[in-house]
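In what follows, every chain begins at residue 1, and chains take the letters A, B, ... in the order their sequences are listed. Not measured: the values here are computed from a predicted model.
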Amino acid sequence: MDEQYDPQRVEREAQEFWNATDAFKVTEDPSREKFYCLSMFPYPSGRLHMGHVRNYTIGDVISRYQRMLGKNVLQPMGWDAFGLPAENAAIQNNVPAAKWTYENIDYMKGQLQRMGFAYDWDRELATCKPDYYKGEQWLLTRMAEKGLMYKRLAEVNWDPVEQTVLANEQVDSEGRGWRSGALVERREIPHWFLKITDYAQELHDALDEMPGWPAEVLKMQRDWIGRSEGAEITFELADGSGPLNVYTTRADTLLGVTYMAVAATHPIALAAGESSPEIAAFIDECRRGGTSLAAIETMEKRGMPLGIHVVHPVTGEKVPVWVANFVLMGYGTGAVMAVPGHDSRDHAFATAYGLPIVQVIAPADGADVDIQAEAYVDYGVVVNSGEFDGLDSAAAKQRIAAWLAERDLGEEQVNFRLRDWGVSRQRYWGCPVPMITLDNGDSVPVPESDLPVVLPEDVAHVGHGSPLNGMPEFIETVSPLDGKPARRETDTLDTFAESSWYYARFACPDSEDMLDERAKYWLPVDQYVGGIEHAVLHLLYSRFWYRVMRDEGLVENDEPFTNLLTQGMVVSETYYRDDGKVRTWYAPRDVEIARDDRGKVVGARLKDDGEPVTVGRVEKMSKSKNNGVDPQDMVDRYGADTVRLYMMFTSPPDQKLEWSDSAVEGSSRYLKRLWRMVHDHVAAGAAPAVETANLSEPDTALRRLVHQTIAKVSDDVGRRYTFNTAIAAVMELTNAVARHDDSSDAGRGVRGEALEAIVAMLAPIVPHAAHVLWQALGRDEPVIDARWPVADESAMQSASMQLVLQVNGKLRGRVDVPADASREAVEAAALANDDVQRFVAGQAVKRVIVVPGKLVNVVV
RNA sequence: GCCGGAGUGGUGGAACUGGUAUACACACAGCACUCAAAAUGCUGCGGCGAAAGCCAUGCGAGUUCGAGUCUCGCCUCCGGCACCA
């Protein structure tokens with residue numbers, strides 16, 4: 001081996017070996033335990049960013065560790081290749097979306113390969129290729145046939161100046177379009193929907209049996225699906241023109257209803273608008289702004305009476321109907337009963353518009369509440385509700401629902417917050433929806449023999465909207481029923497459709513069909529790794545899509561991802577200058593930091609002009625804050641292993657990771673040091689095998705630490721996924737080896753055992769360096785196929801242990817006792833201790849608490 | 001607004017099941033080596049204090065022999081909110 005660690009050379013050598021031996025190519029092998037490890041595939045945006053590198057390093061470490069356990073490991077990689085940025089690039093730079101995408105894929109693939117990730121590149125896929133989306137289109141036609149895909153009107157963000165549909169991210173917080181700056185309107189257009197709500201109950205219930213997912217993700221999904229038990233209640237319109245149905249989870253508050261609120265696009269509101277210009281104007285106003293729920297819910301709550309009343313189903317009293325901007329047509333029935341006494345939002349609205357507030361629930365403990373000042377939203381006892389008075393909330397819900405059911409005015413009902421998945425996009429760079437519109441307006445699926453419906457890649461972006469609309473050769477087709485002229489759908493699919501099943505396609509990327517038998521071998525994914533930002537949408541859509549595939553017989557289980565690891569963001573410091581109007585952000589590499597004697601940051605200057613810049617917050621790496629660090633620069637300077645080691649060492653995978661150039665330097669230093677230690681060890685000549693019988697005390701101590709470290713690191717890497725603490729433990733062991741200076745045969749033997757353990761444990765994290773060091777230590781097999789070290793219990797034992805002594809819970813001393821000391825002996829040793837006696841000092845000992853193996857607490 | 005998460009030295013973080021707060025690093029300071037610098041090695045490093053010791057895990061209460069960890073109430077920041085991926 002070389003005396004100096006040269007990462008560029010080491011990494012080239014290791015990668016050439018892996019390539020030459022097809023080291024990561026896998027096939028189905030029913031005789032071995034399989035392990036499918038998957039990282040969320042990237043959108044090919046142009047260059048790899050640090051978030052990618054972190055995600056893929058975590059996945060790679062897990063994959064390589066599982067391989068060292070002897071499993072048949074699949075780790076594939078592909079490209080989430082459809083999406084908005086390619087279309088924007090096409091419009092702005094006049095480069096075809098396909099060309100832009102494929103060039104980005106080429107470049108980023110090179111970057112991934114340079115990182116040394118153990119991917120089976122033979123399985124690479126890109127979702128924008130017809131051989132990929134053919135299967136997706138086929139499944140959609142099946143869903144259409146089963147009624148799982150349907151068409152209805154839905155609201156979109158409409159830019160009245162650009163005359164185009166905008167994505168939510170293209171609408172700013174004031175509700176204006178990103179390019180035109182015009183106030184966006186909500187407009188209804190026909191949309192394709194997938195009936196995810198058919199699976200709502202199943203998707204909800206299965207969450208209870210997913211121990212491999214983080215609890216917070218399960219919580220978020222449960223809340224998103226939002227199963228609730230309540231009642232649907234009918235309020236008849238006072239003029240007899242029909243019913244107004246609402247859903248409520250608080251039927252116990254029915255007698256507290258003082259007004260009704262309907263969405264601006266509710267038929268009742270629209271009808272009222274036809275005879276009243278004021279109402280029509282208000283409805284128009286309600287349509288301003290984007291469709292995003294966050295925008296709508298943070299708006300000022302506004303409303304207007306429609307001059308219409310309903311009849312209260314119990315009291316028979318007339319209740320006014322209002323139109324309100326916070327009621328959404330897409331949720332439930334588009335109408336709500338308002339109980340200002342017991343709902344905070346209704347209370348705020350009633351207070352603003354002078355509507356009556358009545359109390360119908362009292363606290364169970366009889367406490368007084370001022371219902372006019374604040375809504376009482378907890379459960380309690382029903383009051384002011386006639387025959388229902390005195391019931392508790394739970395009983396009242398049932399009784400009132402039963403009372404309504406007897407009179408055909410309502411019934412108990414389970415509702416879900418989850419809405420059907422709108423998959424239509426009025427955009428070009430996406431998978432065409434495989435549907436045909438007939439003369440009579442009906443839609444039919446494209447016949448299987450005509451799939452895929454290929455998206456033309458050579459198109460002209462002129463004007464607004466999808467270029468497909470200007471392509472008769474794409475649109476014009478014939479009805480599969482009777483051969484008459486018909487029109488192809490020009491909407492494309494939400495890109496979440498492609499990412500809902502790519503993990504299955506990796507099992508059989510060359511299959512003629514959507515999936516084949518190989519999927520049943522590899523699925524489900526054993527370990528999925530990706531950003532927490534996907535906690536709900538992508539992961540929920542995938543769970544739904546997987547069940548649809550299951551119902552088609554394509555896969556065998558219910559859940560696609562057995563274990564989930566959600567990784568945190570990569571953040572870094574920001575620097576800026578304000579000139580009163582514009583804030584200019586400076587890249588960290590262009591800034592020089594000033595520190596005081598303690599190392600505390602006291603200021604920053606721009607290297608260029610030496611003038612001060614303001615130190616901003618630590619934020620997610622982004623173009624807008626100019627605080628991104630290019631992984632390529634880091635790999636060029638330090639090598640991939642150093643970058644990998646740094647990312648795994650600096651924080652646990654599920655927390656944010658703060659980038660620091662100097663800390664990267666530290667990781668590089670560690671690898672150089674380890675390299676030198678192995679070099680010096682090998683240069684001293686072959687060490688004999690360890691004879692454990694007659695080792696000196698320092699040799700025994702080092703062996704004990706070696707095996708304790710193996711046990712800890714195995715647990716950290718295999719169970720806890722706390723790679724940072726695993727690396728810290730390996731560093732401690734490395735420090736101990738450096739201090740161990742026994743040059744006898746036995747000493748060198750023990751040191752050799754320690755170095756082998758260190759290299760094996762680091763192999764998943766710094767695979768290139770480990771590849772070379774492993775050979776240098778005289779091992780024949782490549783380290784990727786080495787067995788993960790196993791801790792020797794007998795080497796971990798120690799004859800004595802140190803206990804912590806406390807008096808009244810405060811640390812006062814320590815004592816060494818034999819490892820097998822009895823409780824009585826430990827107690828006696830503690831009370832006899834000088835430090836303990838000093839603090840007990842004549843006071844009566846009330847209790848002595850002994851925590852075996854840890855501490856003794858004397859309470860006085 | 002709703003749902004979820006986080007807050008510990010100068011910095012990233014450790015403390016896994018209520019039991020030694022600050023492991024491992026980075027930064028900083030000092031020393032050695034050097035003509036010098038870099039690299040490397042060694043030492044120190046939460047605050048106050050001469051010491052004994054006291055104080056300290058965002059803020060305020062509580063439970064406990066014992067709380068970074070559990071409970072309640074706040075504050076700040078971050079992620080998601082259905083057309084960014």
Side-chain angles (χ1 to χ4, degrees), chain A residues 40 42-43 45 80 83-85 156-157 165-171 215-217 219-220 222-224 226 290-299 301 326 330 344-345 418-427 494-496 499 531-538 540-541 566 568-569 571 593 595-602 617-620 649-652 654-660 662-667 669-670 672-673 676 715-716 719-720 722 724-725 727-732 735 802-811 814 846-849 851 854-855 857-860:
Chain A
M40 290 180 184
Y43 178 78
S45 53
D80 189 12
L84 205 48
V156 293
N157 302 306
V165 176
L166 297 181
N168 279 344
E169 87 157 357
Q170 297 171 316
V171 180
E216 67 263 30
V217 175
K219 267 189 208 153
M220 277 191 265
R222 196 170 283 120
D223 182 72
W224 187 266
T291 57
S292 93
L293 191 58
I296 291 165
E297 293 225 12
T298 48
M299 267 182 332
K301 309 289 181 279
F326 58 84
S344 301
R345 191 173 63 181
L418 182 68
R419 291 179 277 153
D420 279 339
W421 175 11
V423 291
S424 284
R425 298 291 179 270
Q426 293 70 42
R427 281 193 260 285
D494 180 1
T495 57
F496 275 125
S499 57
I532 183 69
E533 67 273 19
H534 295 292
V536 175
L537 290 179
H538 161 60
L540 187 62
Y541 291 146
T566 50
M569 289 180 313
V571 299
I593 307 293
R595 295 172 190 275
D596 66 11
D597 273 4
R598 287 206 162 119
K600 187 177 180 179
V601 174
V602 290
R617 277 206 301 253
V618 170
E619 298 201 57
K620 180 175 179 172
F649 176 56
T650 203
S651 20
D654 55 350
Q655 282 176 38
K656 72 171 170 44
L657 182 153
E658 188 171 331
W659 189 266
S660 150
S662 60
V664 175
E665 197 85 49
S667 293
R669 231 162 17 220
Y670 173 78
K672 285 183 196 160
R673 188 157 165 254
R676 219 164 31 239
D715 188 50
D716 283 354
R719 178 182 64 90
R720 296 176 68 205
T722 50
N724 55 329
T725 54
I727 294 166
V730 172
M731 285 178 172
E732 281 184 76
N735 292 341
Q802 190 176 62
L803 294 185
V804 165
L805 302 177
Q806 295 181 334
V807 177
N808 285 347
K810 278 192 195 289
L811 176 70
R814 290 160 212 275
K846 282 200 232 160
R847 266 172 86 184
V848 179
I849 292 154
V851 181
K854 287 231 163 113
L855 60 74
N857 186 16
V858 178
V859 185
V860 298

Taking pairing as Watson-Crick or G-U wobble with both contacts under 3.5 Å, can you name the mate of [N], or confirm there isn't one?
{"N": "B:rG1", "answer": "B:rC81"}
{"N": "B:rG46", "answer": "B:rC55"}
{"N": "B:rA61", "answer": "B:rU71"}
{"N": "B:rA38", "answer": "none"}
{"N": "B:rA14", "answer": "none"}

Base, sugar-phosphate, or nothing for [X], non-hydrogen atoms under 4.0 angstrom?
{"X": "A:T495", "answer": "sugar-phosphate"}
{"X": "A:V165", "answer": "base"}
{"X": "A:L418", "answer": "base"}
{"X": "A:G226", "answer": "nothing"}

Short N/O separations, protein against nucleotides 17-25 of chain B, under 3.5 angstrom:
from: B:rG19; atom 1: N2; to: A:Q806; atom 2: OE1; distance (Å): 3.4
from: B:rG19; atom 1: N2; to: A:N857; atom 2: ND2; distance (Å): 3.2
from: B:rU20; atom 1: O2; to: A:R814; atom 2: NH1; distance (Å): 2.5
from: B:rU20; atom 1: O2; to: A:R814; atom 2: NH2; distance (Å): 3.3
from: B:rA23; atom 1: O2'; to: A:E732; atom 2: OE2; distance (Å): 3.2
from: B:rA25; atom 1: OP1; to: A:N735; atom 2: ND2; distance (Å): 2.7

How long is the line joining [atom1] of [X] and [atom2] of [N], in whole Å?
{"X": "A:F496", "N": "B:rC83", "atom1": "CZ", "atom2": "P", "answer": "8 Å"}
{"X": "A:W659", "N": "B:rG13", "atom1": "CH2", "atom2": "P", "answer": "14 Å"}
{"X": "A:R427", "N": "B:rC83", "atom1": "CZ", "atom2": "C1'", "answer": "5 Å"}
{"X": "A:I296", "N": "B:rC83", "atom1": "CD1", "atom2": "P", "answer": "12 Å"}
{"X": "A:K656", "N": "B:rG5", "atom1": "NZ", "atom2": "C1'", "answer": "12 Å"}

Where do N or O atoms of nucleotides 74-81 of chain B meet protein N or O atoms at under 3.5 Å, pair by pair?
from: B:rC78; atom 1: OP1; to: A:R617; atom 2: NH2; distance (Å): 3.4

Revision key, fill the gap. Classified by glycosidic angle (syn within 90° of 0, else anti), B:rG5 comes out anti
**Study point:** Charged N-O contact under 4.0 Å between A:D596 and A:K600
**Key:** no
Exercise for review: Ignoring hydrogens and angles, answer whether the base of B:rC28 and the side-chain atoms of A:R595 contain a donor-acceptor pair closer than 3.5 Å.
Suggested key: no
Pairs under 3.5 Å (N/O, protein and nucleotides 46-48 of chain B):
none

Check your understanding: With no hydrogens and no angle check, do the side chains of A:D80 and A:S499 hold a donor and an acceptor under 3.5 Å apart?
Key -> no
Practice item. Using only heavy-atom distances, determine whether the side chains of A:S651 and A:N724 contain a donor-acceptor pair under 3.5 Å. Key: no
Review point. Are any of A:R847's side-chain N or O atoms less than 4.0 Å away from OP1 or OP2 of B:rC65?
Key: yes
Exercise for review: Provide the distance between the two P atoms, one in B:rC72 and one in B:rU63, to the nearest whole Å.
Suggested key: 15 Å
